[in-house]
Protein chains: 2
Amino acid sequence: MDRARPMRADAVRNRARILSAAREQITLLGPDAPMDAIAEAAGVAVGTLYRHFPTKTDLVGAVIAEHTARMAADVEAAADRVDGGAGALAEITALVHRVVESAAADRAVKAAARELGATGGARPYEERGGTAMGRLIAAARADGDLHPDVTVEDFLLLLATAPTDQGPAVRRRWLELFLPGLTARGRPTA
Amino acid sequence: MDRARPMRADAVRNRARILSAAREQITLLGPDAPMDAIAEAAGVAVGTLYRHFPTKTDLVGAVIAEHTARMAADVEAAADRVDGGAGALAEITALVHRVVESAAADRAVKAAARELGATGGARPYEERGGTAMGRLIAAARADGDLHPDVTVEDFLLLLATAPTDQGPAVRRRWLELFLPGLTARGRPTA
DNA sequence: GGCTAAGGTGAACCGATACTCATGTTTATC
DNA sequence: GATAAACATGAGTATCGGTTCACCTTAGCC
């Protein structure tokens, strides 16, 4: 593979512009942002857009794949810091706050993805993030800071249900209510 | 007011059928269920549908108003039981489970309402529900079972973020994680 | 039973939006 | 700097869904 000759320079540039414009316009106009608007924002004709992404589902999928990759990298970095001796629970708490804010910023993109059934190429990143999250959970549990039955799925649930359509203050309050259910002190083991 | 003569019998019947069909079709086909599908399911022509509800927003608004009324009645009943001597925290817990399941059943309707900005005539019911919820909170706090800083808004946040797009088991787990943040034992007062 | 206003009908209208394709332009290679 | 393969263009197509309206039907009252 990789037999094909490299993309032409202008094609590379346009592809990047389209991805950026898609994220921008979806955030601005909502999940139903028209392809025409995305094309115009990218400074490109619709036909070009469709050359790079044959379908809107493909385009949105590519945008969430980028998002997921960023998230996964953040989780991995946190797990690495914990391996380096940092406090696991503190890392998790800070990470969760960051990830939730990040999800809120891209909430329209996620809505578009759900609406279209777009998974893009996000799957591998999801797995990497999940693995790293598992490391963090194990470390925090070893410290005795996390309730023993807490799993990666619980954190995905947290991520999936965070109030992304409200302000940061609401999310902080929400986490203040949610996180105790995950910690050892917050919820009795019984 | 109420000066107008009563609705014709067939009009009353059709109105009810339309509301029922709307709920059914939106649940079945998603938030974007076409008006034509709703009309057909109601056994009525589109024109009739538009006679009763001039706009899709009005129709969806009427459906969520019904939903909200049911919820509010449930909250008030619980508050009344607590006034009658029932345990406040237990009532709240059971209530929250019921309300969340109910919200899950009508999740597509709520999505449609959000999408259209339809508030319908739900406002008064929201207020009645809020007032009753306040009574429940006060009672539970008096029992020393609820964290002192918990408000009605916190419960609205819970309701707004419940994972309605997943199975009941996931919601049970989610509540298991969330509720400790509201109780006195679950979260340190410090 | 006949009258009339309230109610019902559904084909047609209209705007929006994802997607196509015939044609023109540019990059990269020799 | 000429050539061919990539790439870009954007007017046009197809479809879909909310809404309208001129005309028909029926309930309810005398």
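Letters A, B, ... mirror the listed sequences (proteins, then strands); counts begin at 1.
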Q) Mapping B:M7 and B:D36 onto DNA chain C by nearest heavy atom, which one lands closer to the 5' end? A) B:M7

Q: Indicate, with a heavy-atom threshold strictly under 4.0 Å, whether B:A33 touches base, sugar-phosphate, or nothing.
A: sugar-phosphate

When you check the phosphate oxygens OP1 and OP2 of [N], does a side-chain N or O of [X] lie under 4.0 Å from one of them?
X: A:H52; N: D:dC7; result: no
X: A:N14; N: D:dC7; result: no
X: B:T55; N: D:dT19; result: yes
X: A:T48; N: D:dT9; result: yes

Locate the shortest heavy-atom distance separating [X] from [Y]; write the atom from each residue and the value.
X: A:W174; Y: A:L158; value: CH2-O, 3.3 Å
X: A:E176; Y: B:R187; value: O-CD, 3.6 Å
X: A:H52; Y: A:A11; value: CE1-O, 3.3 Å
X: A:V63; Y: A:A22; value: CG2-CB, 3.9 Å
X: A:D74; Y: A:R98; value: OD1-NH2, 2.7 Å

Heavy atoms from C-beta onward define the side chain here; which of [options] lies closest to that of [X]?
X: A:R8; options: D:dA11, C:dG10, D:dA6; result: D:dA6
X: A:K56; options: D:dC7, D:dT9, C:dA18; result: C:dA18
X: B:A9; options: D:dG28, D:dT20, C:dG7; result: D:dG28
X: A:A45; options: D:dG10, C:dG7, C:dT9; result: D:dG10
X: A:D10; options: D:dA11, C:dT26, D:dT19; result: C:dT26

Integer-rounded Å distance: [N] [atom2] and [X] [atom1]:
X: A:R51; N: D:dT9; atom1: CZ; atom2: P; answer: 11 Å
X: B:L116; N: D:dG18; atom1: CG; atom2: C1'; answer: 11 Å
X: A:L29; N: C:dA16; atom1: CG; atom2: P; answer: 14 Å
X: A:E115; N: C:dT17; atom1: CD; atom2: P; answer: 12 Å
X: B:M35; N: C:dT9; atom1: CE; atom2: C1'; answer: 16 Å
X: A:I18; N: C:dA18; atom1: CD1; atom2: P; answer: 15 Å
X: B:D32; N: D:dG17; atom1: CG; atom2: P; answer: 9 Å
X: B:L49; N: C:dG10; atom1: CG; atom2: P; answer: 13 Å

